[in-house]
*Asks:* 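Encoded as structure tokens, here's the structure I'll be asking about.
Heavy-atom basis, side chains included; hydrogens, waters and symmetry copies ignored.
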Amino acid sequence: MTWSIIEPYLPDLWEGFVTTIWLSVLTLGAATPIALAIALARHLGPRWLSVVLGIFVNLVRLLPALIVLYLVFYGSPQLGVRFQPLTAAAIGLIAMGAAYMSEDIRGGLAAVPQGPLTAAAAIGLSRTHTIRRILLPIALPLTIPPYMTRAIIMVKGTSLASLVSVSDLTAEATRASSITYQPYAFVVIAGALYLAINGVLAIVQILAERHFRRRYRMAL
């Protein structure tokens, strides 16, 4: 493998890398508030709402990710809607991310001891105030490790978008490999770029955990 073989494909790899970053930011940015809303609704909402949301979460998370993407991409025209490949991939990935992340957040909410919540009710705090000032500040630090692990998994999962015709990093690396018959170099390049993205998320996790530890230490 020589540089002259790799160089012509660098612009395409860069465009694929940008597409992967954009898709990752979009899916994480949209899935997080949806997941939080689902987790709060299942934890605090009425029984019927918890059942409905539980059915949605389990339907999505029990299906293979590729099937979910195919259902959105190939199924939407059956309903009279035709999504562009990138839009279909984003919808599928957001749905999966929201389903998985809601379970991570719900686990954090369930781990909150009842004492502070009982005390809040005893002094007459509203539900909104109790959630914002007591429940979430205790639950979110517990949620950071599984949430960030899920975020990294979601970034890696964007590689599935290449299977619905999205020209992401994996698609461009695969295309260059098939043309040059030199897959090793392009796989290494793509792997290094995925490591760079997920390395940033790992640093964010360290900083977030350090922030919450310092905050709680000061509070104590």
*Asks:* Just how far is it from atom CD1 of Ile189 to atom CD of Glu172, taken to the nearest 0.5 Å?
*Replies:* 12.5 Å

*Asks:* Which pairs with one or both residues in residues 70-114 pass ring-ring contact (aromatic ring centres under 6.0 Å, His included), sequence neighbours excluded?
*Replies:* Tyr70-Tyr74

*Asks:* How many angstroms lie between atom CD1 of Ile144 and atom CD1 of Ile206, to the nearest 0.5 angstrom?
*Replies:* 12.0 Å

*Asks:* Before giving the answer on side chain to side chain contact (heavy atoms under 4.5 Å, CB included), spell out for Gln205 and Leu201 the whole-Å C-alpha distance, their side-chain angles and the decisive distance to 0.1 Å.
*Replies:* CA-CA 6 Å; Gln205 177 179 349; Leu201 291 178; over 6 Å; no

*Asks:* Just by distance, do the side chain of Ser102 and the backbone of Ile38 share a donor-acceptor pair under 3.5 Å?
*Replies:*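 Such a contact is absent between Ser102 side chain and Ile38 backbone.
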
*Asks:* Side-chain polar contacts of residues 29-37 - donor-acceptor pairs under 3.5 angstrom, sequence neighbours left out - could you list them?
*Replies:*
unit_1: Thr32; atom_1: OG1; unit_2: Leu28; atom_2: O; d: 2.7
unit_1: Thr32; atom_1: OG1; unit_2: Tyr147; atom_2: OH; d: 2.5

*Asks:* If Ile, Leu, Val, Met, Phe, Trp and Tyr residues are connected whenever their side-chain heavy atoms lie under 4.5 Å apart, and connections chain through other members, are Leu169 and Trp14 in the same group?
*Replies:* yes

*Asks:* Is it possible for you to say whether Met101 and Val204 belong to one hydrophobic cluster, with membership spreading through side-chain heavy-atom contacts below 4.5 Å?
*Replies:* yes

*Asks:* Given 3.5 Å as the limit, does a donor-acceptor pair link the side chain of Arg127 with the main chain of Leu44, or not?
*Replies:* yes

*Asks:* Could you pull out all donor-acceptor pairs under 3.5 Å where a side-chain atom in residues 153-166 meets a protein atom, sequence neighbours excluded?
*Replies:*
unit_1: Thr158; atom_1: OG1; unit_2: Val155; atom_2: O; d: 2.5
unit_1: Ser159; atom_1: OG; unit_2: Lys156; atom_2: O; d: 2.8
unit_1: Ser162; atom_1: OG; unit_2: Ser159; atom_2: O; d: 2.7

*Asks:* On a heavy-atom basis, which atom in Pro116 and which in Ile134 lie closest, and how many Å separate them?
*Replies:*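 Scanning both residues, the minimum pair turns out to be CB-CG2, 3.8 Å.
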
*Asks:* Treat each ILVMFWY residue as a node, draw an edge where side-chain heavy atoms are under 4.5 Å apart, and state whether Ile94 and Ile197 are in one component.
*Replies:* no

*Asks:* Which heavy atom of Leu49 sits nearest a heavy atom of Ala41, and at what distance?
*Replies:*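 Closest heavy-atom pair between Leu49 and Ala41: CD2-CB, 3.8 Å.
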
*Asks:* Mind listing the closest non-hydrogen atom pair of Gly92 and Leu69 along with its distance?
*Replies:* CA-CD2, 3.8 Å

*Asks:* Just to verify, what does Pro8 make a side chain to side chain contact (heavy atoms under 4.5 Å, CB included) with, not counting sequence neighbours?
*Replies:* none

*Asks:* Just how far is it from atom CG of Asn198 to atom OH of Tyr194, taken to the nearest 0.5 Å?
*Replies:* 9.5 Å

*Asks:* Just wondering, are more than 12 heavy atoms of other shown residues or ligands nearer than 6.0 Å to CD in Glu209?
*Replies:* yes

*Asks:* Using every non-hydrogen atom in the two residues, find where Ala39 and Ile105 come nearest and quote the distance to one decimal.
*Replies:* CB-CG2, 3.7 Å

*Asks:* Going from CD1 on Ile91 to OG1 on Thr27, what distance comes out if it is rounded to the nearest 0.5 angstrom?
*Replies:* 12.5 Å

*Asks:* Please tell me whether Tyr184 and Ser177 have a donor and an acceptor in their side chains that are separated by less than 3.5 angstrom.
*Replies:* no

*Asks:* Check for me, please, whether Leu193 and Val25 land in the same ILVMFWY cluster - side-chain distances under 4.5 Å, paths through other members count.
*Replies:*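 They do share one cluster, since a chain of ILVMFWY contacts under 4.5 Å joins Leu193 to Val25.
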
*Asks:* Donor-acceptor pairs under 3.5 angstrom involving side-chain atoms of residues 56-67: please list them, not counting sequence neighbours.
*Replies:*
unit_1: Asn58; atom_1: OD1; unit_2: Arg61; atom_2: NE; d: 3.0
unit_1: Asn58; atom_1: OD1; unit_2: Arg61; atom_2: NH2; d: 3.0
unit_1: Asn58; atom_1: ND2; unit_2: Gly54; atom_2: O; d: 2.8

*Asks:* Hydrophobic cluster membership, with links at side-chain heavy-atom distances under 4.5 Å among I/L/V/M/F/W/Y: are Tyr181 and Tyr9 in one?
*Replies:*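 Tyr181 and Tyr9: separate clusters.
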
*Asks:* Provide the closest heavy-atom pair for Thr130 versus Ala120 in the form atom of the first, atom of the second, distance.
*Replies:* OG1-CB, 3.8 Å

*Asks:* Under the side chain to side chain contact (heavy atoms under 4.5 Å, CB included) rule, collect the residues that match up with Ser126, sequence neighbours excluded.
*Replies:* Thr128, His129

*Asks:* Measuring from Leu135:CG to Leu140:CG, what's the distance to the nearest 0.5 Å?
*Replies:*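 It comes to 8.5 Å.
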
*Asks:* For Leu13 and Phe186, which heavy atoms make the closest approach, and how far apart are they?
*Replies:* CD1-CD2, 3.9 Å

*Asks:* Can you list the steps and then say if Arg150 with Met96 is a side chain to side chain contact (heavy atoms under 4.5 Å, CB included)?
*Replies:* CA-CA 10 Å; Arg150 190 72 61 191; Met96 287 185 292; over 6 Å; no

*Asks:* Please round to the nearest 0.5 Å and tell me the distance separating atom CD1 of Ile152 and atom OG of Ser24.
*Replies:*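 If we round to the nearest 0.5 Å, Ile152:CD1 and Ser24:OG are 11.5 Å apart.
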
*Asks:* When you look at Leu40 and Ile131, which way does the side chain to side chain contact (heavy atoms under 4.5 Å, CB included) test go after all the steps?
*Replies:* CA-CA 9 Å; Leu40 285 172; Ile131 293 173; 4.2 Å; yes

*Asks:* Give the intermediate values and the outcome of side chain to side chain contact (heavy atoms under 4.5 Å, CB included) for residues Leu109 and Leu136.
*Replies:* CA-CA 8 Å; Leu109 294 174; Leu136 291 180; 4.3 Å; yes

